[in-house]
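Scope of the values below: all heavy atoms of this structure, side chains included, with no hydrogens, waters or symmetry mates.
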Amino acid sequence: MPERIDLFCNMLVNRSIENQHSLNALYSKELWGNCFSILRQELDSLLRVMFLLGISDLEQRNKFITQTLNGEKWSFINDKGKKVYITDKTMVDLADSLIGWAKNVYMFGCGFIHLSNFHNYAVINPFVRLPQSEKDSIIYYMRSYHNAILDNNSPIEDFLPYLPKIMDKISGNLNCYIQELKRNERQNIL
């Protein structure tokens, strides 16, 4: 099984490197909506690794890794014999309980992955459309992690200089967790 974990971790590292290059290229071309989409992709990898590390049953963890490598959705058979799929919401909720900014970045990024009114960001600031609690949370984390000078009325343009820093934060956390996963460590974060 160690070779499967290595293969899975290498896939994550390669995706992360590609995401970092993509963000840099898109950022230099001022393709902001796609930058948010790339951040969301990087966060997707982080959420999956965090979820795996939260599984103390190493056999189950390895089953999820094998399912990924086989192109299958993560699923398991529950106590009632029913097949249950692990959803993005399950992983986002876990990550949000561990690192509060994850859900905000994920949900904001989803607005740029799925066709939404966020794609009209050149005309209407998508940040102002968020619920007040989400805006407050995003501002809090932007100030805490990136020393951002932002408020609830900040236009989207004020966030743009921080996109590379946000990517570095997500990628750095991902890299640390990948190393833990490679060591196939047991965690008790669930």
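- Applying the salt bridge (Lys or Arg N to Asp or Glu O under 4.0 Å) test to every pair with at least one member in residues 13-35, sequence neighbours left out, gives these pairs: R15-D44.
- Residues A148 and R143 share a closest heavy-atom pair of O-CG, 3.2 Å.
- Under the 3.5 Å distance criterion, the side-chain polar atoms of S171 are matched with a main-chain donor or acceptor of M167.
- Scored by the ring-ring contact (aromatic ring centres under 6.0 Å, His included) test, F8 finds no partners at all (sequence neighbours excluded).
- The distance between the ring centers of Y27 and W32 falls below 6.0 angstrom.
- Here N10 pairs with K182 under the side chain to side chain contact (heavy atoms under 4.5 Å, CB included) rule; sequence neighbours left out.
- Considering only residues two or more places apart in sequence or on other chains, H21 meets the side chain to side chain contact (heavy atoms under 4.5 Å, CB included) condition with I17.
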Expected list for residues 76-86: side-chain donor-acceptor pairs under 3.5 angstrom, two or more places apart:
residue	atom	partner	partner atom	Å
N78	OD1	K80	N	2.9
N78	OD1	G81	N	3.2
N78	OD1	K82	N	2.9

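- The line from CZ of R40 to CG of N19 is 11.0 Å long, rounded to the nearest 0.5 Å.
- Applying the salt bridge (Lys or Arg N to Asp or Glu O under 4.0 Å) test to every pair with at least one member in residues 151-160, sequence neighbours left out, gives no pairs at all.
- When all heavy atoms are compared, the tightest approach of I178 to V13 is CD1-CG2, 4.0 Å.
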TODO: Determine, step by step, whether Y177 and L12 satisfy the side-chain contact (heavy atoms from CB on, under 4.5 Å) criterion, reporting the C-alpha distance in whole Å, the side-chain angles of both residues, the deciding distance to 0.1 Å, and the verdict.
DONE: CA-CA 11 Å; Y177 291 136; L12 288 165; over 6 Å; no

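- The two residues R48 and D88 have their closest heavy-atom pair at NH2-OD1, 3.3 Å.
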